[in-house]
2 protein chains.
Amino acid sequence: MYTVSTYHHGELRPALLRSAAQLLEKRGPQALSLRELARRAGVSHNAPYRHFAGREALLAALAAEGFHRLGEALARTAGRDMGEAYVRFALEHPQLFRLMFGGQLRLARHRELAQAALQPYEALLTVFRAQPSLADAEKAAAAAWALVHGLAHLLLDGHFARQATDPAAFARAVIGAVRFASRPG
Amino acid sequence: MYTVSTYHHGELRPALLRSAAQLLEKRGPQALSLRELARRAGVSHNAPYRHFAGREALLAALAAEGFHRLGEALARTAGRDMGEAYVRFALEHPQLFRLMFGGQLRLARHRELAQAALQPYEALLTVFRAQPSLADAEKAAAAAWALVHGLAHLLLDGHFARQATDPAAFARAVIGAVRFASRPG
DNA sequence: CTCCTATGTTGACAGAAGAAACATTACCGC
DNA sequence: GCGGTAATGTTTCTTCTGTCAACATAGGAG
């Protein structure tokens, strides 16, 4: 009934994740259906359930991968360029970024995801703690994260379409417009 | 065949929007289906199509309404409290906020929505332009928007769950940790 | 009163998620 | 090698959704 050699895909999980990532960026999250992924892997429509509890679990896995990649991207940059790196990541993988931060996946429900999601703040915190002149490194790191995060979101959504002909340059300028409160005295 | 007095609902469009808003906040965007709304309005499953071109159009209308409400909320506050008001709005209507800024609705496709979406920045810009000491009011306004926007998003997503036992207070503190570059000299 | 247009209704279709029951393969102890 | 068991895929079925097309009703303009 089946060709013997292809009954088992063998690499289904990674294959699914790979085409999921592609499909996500190309057609958005709505177009990302388990069945479509199964089709692309040349496998029955229910096979993915052997590897993911459901659609949401697959998305969570994708997002977790995204957090790791973002963490690495930030770690590769020197302290001051982190903000731009953050925005660049978002602009390069818009749909992935939205999946990660779109609120559709609740962190509490996916341990792996919650774990992965800690990376960006940790990375920022490390840098800010190294600056003793700051009044409050934690608050400053939080503010920095919020700033670049909001900037990324707003750029993606096109809210700065007029002001930002060159998004990267715009991001640099906006980030440059901000100072952090320093220790009194 | 039908009870004469109920064939026409009479207030269907607003009724749909109202229960859509409720359902959105209560069960999230996935649970918001046109059919469910029709059911709640006591109307056939296709009646909503007389008032909205499709699901996306209804979501766009909801989001546009959200932008107007946000704009009004900002306008009601004095200059310095705008940031907190912005965050408060997000925390009070998390799903609506995500709908507005989740990137699922493309501004370019819904004129009314694109128009409504201009309000927040305009409101901020007005305030920042009134401060002549600033080096660049546009950039500062953009930075302020990004800051509060990112803060709202991160709080909603639970990324500050540890640091922010009281989200409003945390927001105040983070916003307070930021200064804007002032005119040299 | 008649006709037109707004608004709702019915019925049908394709596509999706997911559950259940079944088939095939791979691997491990012997 | 060999047989059993767990892992991986398949089929089938149910339920839900968005959307289209054809039809029904209500209420106002003439």
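Within every chain, numbering begins at 1; the chains are lettered A, B, ... in the order of the sequence lines, protein sequences first and strands thereafter.
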S.K.: Can you tell whether the side chains of A:R69 and A:E72 come within less than 4.0 Å, N to carboxylate O?
M.R.: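 Salt bridge: no.
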S.K.: Which base, if any, makes a Watson-Crick or G-U wobble pair with C:dT24, both distances under 3.5 Å?
M.R.: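 Its partner is D:dA7.
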S.K.: Can you sort out which residues in residues 49-56 of chain B have a heavy atom within less than 4.0 Å of DNA chain D? Ascending by number, please.
M.R.: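 Heavy-atom cutoff 4.0 Å gives B:Y49, B:R50, B:G54, B:R55.
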S.K.: Under a 3.5 Å cut-off for both distances, is C:dA6 Watson-Crick or wobble paired, and to whom?
M.R.: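 Base partner found: none.
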S.K.: For DNA chain C, whose closest nucleotide is more 5', that of A:R39 or that of A:N46?
M.R.: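 Its nucleotide being nearer the 5' end, the pick is A:R39.
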S.K.: Where the side chain of B:L12 is concerned, which of D:dT10, C:dA19, C:dG8 is the nearest nucleotide?
M.R.: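 Nearest listed nucleotide: C:dG8.
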S.K.: Just jot down the side-chain contact (heavy atoms from CB on, under 4.5 Å) partners of B:A143, sequence neighbours excluded, or say none.
M.R.: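 side-chain contact (heavy atoms from CB on, under 4.5 Å) check on B:A143 returns A:L147, A:V174, A:V178, B:F180.
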S.K.: Using a heavy-atom distance cut-off of less than 4.0 Å, which residues of residues 24-38 of chain B contact DNA chain D?
M.R.: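 Of all residues in residues 24-38 of chain B, the ones placing a heavy atom under 4.0 Å from DNA chain D are B:S33, B:L34, B:R35.
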S.K.: Does B:R13 reach a base, just sugar-phosphate, or nothing at all? Heavy atoms under 4.0 Å.
M.R.: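 The residue B:R13 makes no contact with any strand.
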S.K.: Show me the donor-acceptor pairs within less than 3.5 Å that the side chains of residues 87-110 of chain B make with the rest of the protein, sequence neighbours left out.
M.R.:
unit_1	atom_1	unit_2	atom_2	d
B:R98	NH2	B:L156	O	3.1
B:R98	NH2	B:D157	OD1	2.7
B:H110	NE2	B:E56	OE2	2.9

S.K.: Give the rounded distance in Å between these two atoms: CG of B:L58 and P of D:dT17.
M.R.: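 Atom CG in B:L58 sits about 15 Å away from atom P in D:dT17.
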S.K.: Work out which heavy atom in B:L17 is nearest to a heavy atom in B:A61; give both atom names and the distance.
M.R.: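 Looking at all heavy atoms of both residues, the shortest contact is CD2-CB, 4.1 Å.
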S.K.: To the nearest Å, give me how far apart CD (A:E11) and C1' (D:dG9) are.
M.R.: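 Value for this atom pair: 16 Å.
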S.K.: How many Å lie between NE2 on B:H45 and C1' on D:dA22, as a whole number?
M.R.: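 Nearest whole value for this atom pair: 13 Å.
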S.K.: Quick one: side chains of residues 122-139 of chain B, donor-acceptor pairs under 3.5 Å with protein atoms, not counting sequence neighbours, listed by atom name and distance.
M.R.:
unit_1	atom_1	unit_2	atom_2	d
B:T126	OG1	B:E122	O	2.8
B:R129	NH2	B:E138	OE2	2.5
B:D136	OD1	B:E138	N	3.1
B:D136	OD1	B:K139	N	3.1

S.K.: Roughly how far, to the nearest 0.5 Å, is the CZ atom of A:R18 from the CG atom of A:L23?
M.R.: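 Spacing of CG (A:L23) from CZ (A:R18) equals 14.0 Å.
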S.K.: Let me have the donor-acceptor pairs involving side chains of residues 41-49 of chain A, under 3.5 Å, with sequence neighbours excluded, atom names and distances please.
M.R.:
unit_1	atom_1	unit_2	atom_2	d
A:S44	OG	A:N46	N	3.4
A:H45	ND1	A:R35	NH1	3.4
A:H45	ND1	A:R35	NH2	3.3

S.K.: So, is C:dA16 syn or anti if syn means the angle is within 90° of 0?
M.R.: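 Anti, angle beyond 90° from zero.
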S.K.: Step through the shown structure and confirm whether more than 12 heavy atoms of other residues, nucleotides or ligands are within 6.0 Å of CZ on B:R39.
M.R.: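 Yes, CZ of B:R39 has more than 12 neighbouring heavy atoms, counting only those of other groups under 6.0 Å.
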S.K.: Can you label the angle between the A:F170 ring and the A:F160 ring as parallel, tilted or perpendicular, going by 30° and 60°?
M.R.: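 It falls in the tilted class, 30° to 60°.
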